[in-house]
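Take a look at the structure set out below.
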Protein chains: 2
Amino acid sequence: MYKLEEQVGYILRLASQRHATVFNKHSELGLTPTQFSALVRVAEMGNCSQNLLGRRTAMDVATIKGVVTRLKAKGFVELGADPEDKRRTVVSLTKTGREVIKQLHKFGAMVTDETLAPLSGEERKVFLEMLKRLT
Amino acid sequence: MYKLEEQVGYILRLASQRHATVFNKHSELGLTPTQFSALVRVAEMGNCSQNLLGRRTAMDVATIKGVVTRLKAKGFVELGADPEDKRRTVVSLTKTGREVIKQLHKFGAMVTDETLAPLSGEERKVFLEMLKRLT
DNA sequence: CAGAATTCATGTGTATACTAACAAATATTA
DNA sequence: TAATATTTGTTAGTATACACATGAATTCTG
């Protein structure tokens with residue numbers, strides 16, 4: 001007997017939904033999970049072309065473009081030209097972006113913690129290790 | 001130090017992406033994972049209102065509407081009126097829909113198997129049990 | 001060095017996914 | 001029963017997410 005509830009794709013979707021709910025419940029800066037990832041990555045990389053940022057956050061070119069556009073509209077990143085390569089758009093943090101990074105890290109840790117709340121400390125380790133292997 | 005790669009939301013996104021890739025690689029009927037879930041659920045429930053189908057597949061009203069529309073366009077489901085409640089749209093399988101269900105079950109099991117391939121048999125059990133608790 | 005291949009960014013089209021607002025039908029309750 | 005509340009379905013708006021096509025710039029290669 002085939003049970004939808006036992007299929008990894010279906011359960012992954014439900015878990016992602018719950019994570020998004022937890023994220024949005026606490027999000028004060030109006031960021032989405034995707035925007036959050038991109039912003040944290042920009043901070044980590046300093047300057048970075050838009051396409052490279054997409055690769056480093058697992059977003060295709062069309063997706064990262066939209067994300068960067070919205071992060072710019074919200075004032076967290078700014079775009080510039082790359083003097084060494086005229087094809088590139090360089091993404092970097094604004095002053096506001098630099099100011100919120102620490103807060104974002106704290107926020108991200110909280111979201112992860114609340115999402116994993118149903119698991120014990122040891123279970124979380126095991127779970128994350130296995131989840132990583134599925135990527 | 002905050003590592004994006006250690007955050008459950010980020011890894012969930014990557015795992016979902018890989019699952020979608022596996023699903024699409026094998027999908028011959030042109031179904032998406034979401035459409036697949038809804039179709040399997042319709043088969044399981046027999047007749048079912050559109051909104052109820054959405055709840056039973058964890059899709060909100062706007063999403064399930066689009067999914068049902070596309071399943072209808074592909075000829076797998078048909079829509080009818082509910083004589084007992086004029087608000088309702090009843091969703092049911094077409095002949096084609098009934099014919100492909102067994103095939104879908106086999107397909108779904110294969111996708112789950114390939115997605116979980118990096119885990120051993122015992123690990124899969126443990127992993128799915130923990131993943132369910134996060135929903 | 002010149003042609004070919006690749007990379008970067010953009011745009012279009014399709015498919016989730018959720019919010020909010022709305023109208024119609026049904027159910028509840030005062 | 002009449003007023004209220006809920007349910008159902010639709011629509012509009014925003015945000016991922018991916019495939020594909022295009023053009024410009026750069027790199028590779030013969």
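On a predicted model such as this, the values are computed, not experimentally measured, just so you know. To find a chain, count down the sequence lines: A is the first, B the second, and so on, and within it residues start at 1.
Shown here are the side chain to side chain contact (heavy atoms under 4.5 Å, CB included) partners of Asp113(A), two or more places apart in sequence or in another chain: Arg124(A). Every residue was checked against the salt bridge (charged side-chain N to carboxylate O under 4.0 Å, His left out) condition with Arg98(A), not counting sequence neighbours, and none meets it. In this view, Phe127(A) and Phe127(B) satisfy the ring pair (Phe, Tyr, Trp, His ring centres under 6.0 Å) rule, not counting sequence neighbours. With sequence neighbours excluded, the residues satisfying salt bridge (charged side-chain N to carboxylate O under 4.0 Å, His left out) with Glu99(A) are Lys95(A). Under the side chain to side chain contact (heavy atoms under 4.5 Å, CB included) criterion, Glu122(B) pairs with Ser120(B), Lys125(B), Val126(B), sequence neighbours left out.
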Using atom types as modelled, flag every donor-acceptor pair under 3.5 Å from a side chain in residues 29-42 of chain B to any protein atom, sequence neighbours excluded.
residue  : atom : partner  : partner atom : Å
Thr32(B) : OG1  : Gln35(B) : N            : 3.1
Gln35(B) : OE1  : Thr32(B) : N            : 3.4
Gln35(B) : OE1  : Lys74(B) : NZ           : 2.8
Ser37(B) : OG   : Pro33(B) : O            : 3.2
Arg41(B) : NE   : Arg56(B) : O            : 2.7
Arg41(B) : NH1  : Glu5(A)  : OE2          : 2.9
Arg41(B) : NH1  : Glu44(B) : OE1          : 3.3
Arg41(B) : NH1  : Glu44(B) : OE2          : 2.9
Arg41(B) : NH2  : Glu5(A)  : OE2          : 2.4
Arg41(B) : NH2  : Tyr10(A) : OH           : 3.4
Arg41(B) : NH2  : Arg56(B) : O            : 2.9

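Proximity of Lys65(A) to the phosphate of dT10(C): a side-chain N or O atom is located under 4.0 Å from OP1 or OP2. Considering only side-chain N and O atoms, Arg88(B) lies under 4.0 angstrom from the phosphate OP1 or OP2 of dT8(D). A sub-4.0 Å separation between OP1 or OP2 of dT7(C) and a side-chain N or O of Asn51(A) is absent. Close to dT10(C), at under 4.0 Å from its OP1 or OP2, lies no side-chain N or O of Arg87(A).
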Base, backbone or nothing for each nucleotide of nucleotides 12-19 of chain C, written B, S, -, heavy atoms under 4.0 angstrom, 5' to 3'? ---SBBBB
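Side-chain heavy-atom separations under 4.5 angstrom define the hydrophobic clusters, and the remaining members of the one that includes Leu52(A) are Met45(A). Other members of the cluster containing Met1(B) do not exist, because no ILVMFWY side chain is joined to it at under 4.5 Å.
Taking atom CG on Asp85(A) and atom C1' on dC28(D), their separation rounds to 15 Å, with Å as the unit.
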Mind listing the N/O atom pairs, protein and nucleotides 2-4 of chain D, below 3.5 Å?
none

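For the side chain to side chain donor-acceptor pair (under 3.5 Å) condition, the pairs that include at least one residue of residues 101-112 of chain A, sequence neighbours left out, are Thr112(A)-Gln7(B).
Within a heavy-atom distance below 4.0 Å of DNA chain D, no residue of residues 107-116 of chain B is found.
Under a hydrophobic clustering in which Ile, Leu, Val, Met, Phe, Trp and Tyr are joined whenever their side-chain heavy atoms come within less than 4.5 Å, directly or via other members, Leu116(A) and Val22(A) fall into different clusters.
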